[in-house]
Number of protein chains: 2
Amino acid sequence: MTERPATPSSQDNPLVRKLSAFVRLSPNDVEVVAGMFRRRRNFAMGVELIHQGQVGQSAFVLASGWACSYKLLSGGTRQIVDFQVPGDFLGLRSVLFRTSDHNVEAVTTIQASEVTQRDLLAAFTETPRLATAVLWAASRDEAMVVEHLVNLGRRSASERMAHFLLELGARLRLVGMGNSTGFACPLSQYLLADALGLSAVHVNRVLRELREDGLVTFRRGRVEFRNYDALVDFASFDRAYLDHDGPLLS
Amino acid sequence: MTERPATPSSQDNPLVRKLSAFVRLSPNDVEVVAGMFRRRRNFAMGVELIHQGQVGQSAFVLASGWACSYKLLSGGTRQIVDFQVPGDFLGLRSVLFRTSDHNVEAVTTIQASEVTQRDLLAAFTETPRLATAVLWAASRDEAMVVEHLVNLGRRSASERMAHFLLELGARLRLVGMGNSTGFACPLSQYLLADALGLSAVHVNRVLRELREDGLVTFRRGRVEFRNYDALVDFASFDRAYLDHDGPLLS
DNA sequence: TGAGCGCGCTGACGCAGATCAGCATGTTGC
DNA sequence: GCAACATGCTGATCTGCGTCAGCGCGCTCA
């Protein structure tokens with residue numbers, strides 16, 4: 001079990017690591033990325049970093065803790081689009097669009113580095129490879145949103161939950177925060193409900209079902225995979241999902 | 001009613017127009033984009049342009065006709081992620097990832113220009129602003145997928161349908177293929193069902209309901225908005241959605 | 001001219017998951 | 001030491017949408 005936090009060193013930094021998976025970054029590129037990542041700020045649990053409808057928002061790069069992005073609907077309900085873990089961008093679209101189309105909220109206390117629109121666009125013109133790398137990262141995020149869409153559209157509540165927990169596990173493993181036996185998970189059943197398009201009551205029932213079937217348990221902030229293979233099978237989870245072996249652009 | 005098709009001229013070309021909404025393209029940039037757009041190919045209705053799981057796929061830029069991107073699930077069902085109309089990319093992610101994570105199929109007979117991975121990455125290094133522009137276009141696509149996610153997660157079947165038809169209308173208006181009274185729509189009720197996470201039977205019932213309530217009709221390949229304002233209200237559709245007034249990066 | 005088929009359309013019935021209502025625990029603050 | 005509250009958990013009931021089964025229309029092709 002290697003659950004180590006992100007470090008500010010430029011060699012081993014979750015964002016650099018993620019981008020390097022796609023483009024081979026020059027030392028200069030790495031320096032620019034690391035620069036964006038250096039100036040950390042702390043945010044308390046529950047703080048809103050990005051506001052739907054607001055103009056001229058910055059983006060952030062998450063250094064530690066969990067966040068979630070969501071959209072509010074008239075009627076007070078919300079749909080959580082995705083959770084973000086260290087190394088992920090927060091609110092990238094709110095920089096590229098004039099006004100933000102979603103909210104981002106800190107789920108735990110978090111550390112994040114602000115990236116202003118100026119910084120980002122300047123970095124793109126100075127180090128063009130970076131734009132390609134960020135395009136890749138954004139496409140990876142989109143691939144996850146698409147997978148969530150399939151989840152909501154075509155899977156039953158328990159398959160949905162199973163798939164979601166497997167996906168989170170896979171993402172956390174990539175940043176060294178979990179392994180195939182499980183991971184620490186600060187999400188409440190209410191958050192799960194908002195993400196999976198279910199009621200909190202039903203989330204509870206589904207978790208019980210998965211537990212009683214010996215597939216996964218989720219208790220006291222920890223997800224434990226009891227029978228990983230059976231769970232993968234049950235959720236029809238693609239093991240290759242999020243795997244990208246080696247840089248495409250070198 | 002101005003429903004004109006895309007023309008191959010570089011000044012008035014749906015892709016150039018779309019990208020220009022975000023970055024001010026130099027004449028050289030326009031030339032590169034137009035070059036990607038020149039070599040057209042025809043595809044028959046139902047042809048699969050991109051295959052899930054296949055490696056080294058090209059992308060395409062759609063010049064005329066409609067396409068759809070979808071994911072297949074074990075069990076034979078599918079979830080349509082989005083429909084594409086002229087000016088949209090087909091399978092951009094399948095170029096950025098080594099292996100494609102989705103399918104793209106021609107809904108009507110279509111014209112599309114192939115863009116290979118080499119072409120695209122070369123264009124990015126030669127004309128860096130293009131990478132930023134494409135990042136923006138990809139983010140716009142992601143914003144639509146997010147909206148579809150909200151649709152599936154939190155809206156009832158009839159709100160979902162209403163929102164979907166309004167979104168299609170807005171997109172088509174941007175490329176000059178419809179207006180606020182309606183648009184030509186080649187989608188079958190089966191396609192709608194696969195996109196909206198409903199059964200075809202229920203799609204039919206929902207369309208009847210919307211028709212009887214005097215909101216929209218969808219008959220013989222044509223969507224007619226009967227009461228646009230009421231429909232927008234019913235679907236809680238954001239009128240600013242997909243509006244981006246003027247380039248952000250000049 | 002009629003078989004075959006894709007697509008739109010409808011009624012009867014069943015079920016997954018929402019809603020409502022309530023209890024149990026642990027944590028925070030006075 | 002006990003409110004006040006957030007969160008987990010559970011049973012009873014209701015309902016939106018799926019499933020099944022079937023009809024009608026307009027094609028295309030022999």
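To find a chain, count down the sequence lines: A is the first, B the second, and so on, and within it residues start at 1.
In the set dC9(C), dG18(D), dT10(D), the nucleotide with an atom closest to the side chain of Asn204(A) is dT10(D). The side chain of Ser188(A) has dG8(D) as its nearest neighbour among dG11(C), dG8(D), dC7(C).
Atom pair Phe218(A):CZ and dG8(D):C1' shows a separation of 11 Å (rounding to whole Å applied). Across the protein-nucleic acid pair, Arg154(A) atom CZ and dG17(C) atom P stand 14 Å apart, rounded to whole Å. Straight-line distance from the CE atom of Met45(B) to the P atom of dT28(D): 11 Å, rounded to whole Å. Glu159(A) places its CD atom 14 Å from the C1' atom of dG17(C), with the value rounded to the nearest Å. Atom CZ in Arg205(A) sits roughly 13 Å away from atom C1' in dG8(D) (whole-Å rounding). In this structure, Leu198(B) places its CG atom 14 Å from P of dG16(D), rounding to the nearest Å. Rounded to whole Å, the distance from CZ on Arg155(B) to C1' on dG16(D) is 17 Å. Leu152(A) places its CG atom 16 Å from the C1' atom of dA18(C), with the value rounded to the nearest Å.
At a threshold of 4.0 angstrom between heavy atoms, the contacts of Gly221(A) with the nucleic acid are absent. Within 4.0 Å (heavy atoms only), Ser199(B) reaches at least one base atom of the nucleic acid. Using a 4.0 Å heavy-atom distance criterion, Arg208(A) is classed as a sugar-phosphate-only contact. The residue Arg219(B) sits close only to the backbone: its heavy atoms come under 4.0 Å of sugar-phosphate atoms, none of a base.
For the pairing with Gln79(A), the side-chain contact (heavy atoms from CB on, under 4.5 Å) check across Leu152(A), Leu72(A), Leu196(A) returns one residue only, Leu152(A).
Between the side chains of Ser58(A) and Glu114(A), at least one donor-acceptor pair of N or O atoms lies under 3.5 Å.
Classification of the Phe164(B)-His148(B) ring pair by plane angle, with boundaries at 30° and 60°, yields tilted.
Between the side chain of Asn204(A) and the main chain of Val201(A), no donor-acceptor pair closer than 3.5 Å is present. The backbone N or O of Leu210(A) lies less than 3.5 Å from no partner atom in the side chain of Asp213(A), so there is not a single donor-acceptor pair.
At least one test fails for Arg93(A) against the ring of Phe89(A): distance under 6.0 Å to the centre or angle within 45° of the axis. Geometric assessment of Arg39(B) against the ring of Phe37(B) yields a negative cation-pi assignment under the 6.0 Å and 45° thresholds.
Rotation axes derived from the C1' atoms of the five outermost pairs at either end of the helix from dT1(C)-dA30(D) to dC30(C)-dG1(D) lie 40° apart, to the nearest 10°.
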